[in-house]
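What follows is a set of notes on a single structure, which appears directly below.
Read the numbers this way: they start at 1 and go in the same order the structure lists the ligands and their atoms.
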Amino acid sequence: MQKTFSIIKPDAVKRNLIGHINQMIESSDLKILASKKMYLTKNQAELFYKVHNEKPFYNSLIEYMTSGPVQVQVLEGKDAIVKYRKIMGATNPFEAEDGTIRKLYAESIEANSVHGSDSEENAKIEINFFFSGSELV
Ligand code: CMP
């Protein structure tokens, strides 16, 4: 069993898509161990996305991620990291496969509805950034 970290981003929360996205997650045999709705502070968003701080889209990304509430979640299942990235689809929704979350729901490469960890190491860091061990049930 493996854990991964997910964010349902402001564009999707705004459009009432938490339930639709979580249905896709659960029907793919991933368990939602923890889930909370919150506003990211500017500081949290900057820290979370600090690997992108040299990128041209960084400032816009921080503004977007703090523009409304997000749903942060921990998912668990067999090969959860790869499985969730498959369900999400490509970062750019125009390149995402049919049936993926981003193909169905993303508005743009920035407002792409969901985030998922890209490695086991980052999954640990991202989970610990938002949740304590006792919240994962
Ligand atoms: P995410 O998977 O959360 O990782 C970085 C985020 O930056 C990405 O999803 C998008 O929301 C955002 N982003 C904005 N522009 C770009 C871009 N040109 N390439 C990649 N990511 C982008």
Side-chain angles (χ1 to χ4, degrees):
M1 284 295 160
Q2 188 178 56
K3 292 184 184 61
T4 190
F5 175 74
S6 153
I7 304 179
I8 302 178
K9 296 184 179 183
D11 71 275
V13 173
K14 236 170 248 161
R15 287 177 289 145
N16 268 358
L17 294 172
I18 296 171
H20 291 270
I21 291 170
N22 278 344
Q23 189 167 18
M24 291 173 77
I25 288 171
E26 291 190 323
S27 60
S28 304
D29 264 348
L30 289 169
K31 275 207 158 53
I32 300 168
L33 295 191
S35 182
K36 62 188 172 194
K37 197 176 192 181
M38 63 189 291
Y39 278 92
L40 296 186
T41 64
K42 188 162 185 272
N43 190 41
Q44 280 173 317
E46 285 175 349
L47 273 174
F48 185 81
Y49 279 120
K50 73 172 187 294
V51 293
H52 296 301
N53 67 5
E54 305 280 300
K55 306 263 173 67
F57 59 79
Y58 181 70
N59 288 339
S60 172
L61 174 62
I62 300 308
E63 202 167 305
Y64 156 65
M65 288 300 294
T66 55
S67 68
V70 297
Q71 190 81 17
V72 293
Q73 309 196 121
V74 179
L75 314 179
E76 185 181 67
K78 193 170 180 305
D79 300 320
I81 294 168
V82 167
K83 188 182 268 183
Y84 185 49
R85 288 180 74 80
K86 209 160 187 236
I87 302 165
M88 287 195 303
T91 303
N92 184 345
F94 299 107
E95 291 166 8
E97 277 183 39
D98 284 348
T100 60
I101 296 170
R102 284 167 169 163
K103 180 72 172 195
L104 284 168
Y105 299 126
E107 295 180 319
S108 66
I109 192 164
E110 177 178 81
N112 62 358
S113 299
V114 280
H115 165 84
S117 309
D118 62 4
S119 66
E120 208 154 345
E121 190 191 351
N122 283 337
K124 282 201 183 101
I125 294 168
E126 293 175 357
I127 290 167
N128 291 333
F129 191 84
F130 287 104
F131 292 97
S132 67
S134 64
E135 288 177 289
L136 312 184
V137 291

Mind checking whether Phe48 and His115 have parallel, tilted or perpendicular rings, split at 30° and 60°? perpendicular
We want to know whether Asn22 and Gln71 form a side-chain donor-acceptor pair, criterion being a heavy-atom distance below 3.5 angstrom. no
Is there a side-chain contact between Asp11 and Tyr64 (heavy atoms, below 4.5 Å)? yes
Is NZ or CZ of Lys36 both nearer than 6.0 Å to the six-membered ring centre of Phe131 and within 45° of the ring axis? yes
Test log, rule side chain to side chain contact (heavy atoms under 4.5 Å, CB included), inputs Glu76 and Leu136: CA-CA 10 Å; Glu76 185 181 67; Leu136 312 184; over 6 Å; no
How does the hydrophobic cluster around Ile109 look, that is, which other residues are in it when side-chain heavy atoms under 4.5 Å mark a link? none
Between ligand 1 and the protein, tabulate every N or O atom pair separated by less than 3.5 Å, reporting distance only.
{"unit_1": "ligand 1", "atom_1": "2 (O)", "unit_2": "Arg102", "atom_2": "NH2", "d": "3.3"}
{"unit_1": "ligand 1", "atom_1": "3 (O)", "unit_2": "Lys9", "atom_2": "NZ", "d": "2.8"}
{"unit_1": "ligand 1", "atom_1": "3 (O)", "unit_2": "Tyr49", "atom_2": "OH", "d": "2.5"}
{"unit_1": "ligand 1", "atom_1": "3 (O)", "unit_2": "His115", "atom_2": "ND1", "d": "2.9"}
{"unit_1": "ligand 1", "atom_1": "9 (O)", "unit_2": "Lys9", "atom_2": "NZ", "d": "3.0"}
{"unit_1": "ligand 1", "atom_1": "9 (O)", "unit_2": "Asn112", "atom_2": "ND2", "d": "3.2"}
{"unit_1": "ligand 1", "atom_1": "11 (O)", "unit_2": "Lys9", "atom_2": "NZ", "d": "2.9"}
{"unit_1": "ligand 1", "atom_1": "11 (O)", "unit_2": "Glu110", "atom_2": "O", "d": "2.8"}
{"unit_1": "ligand 1", "atom_1": "11 (O)", "unit_2": "Asn112", "atom_2": "OD1", "d": "3.4"}

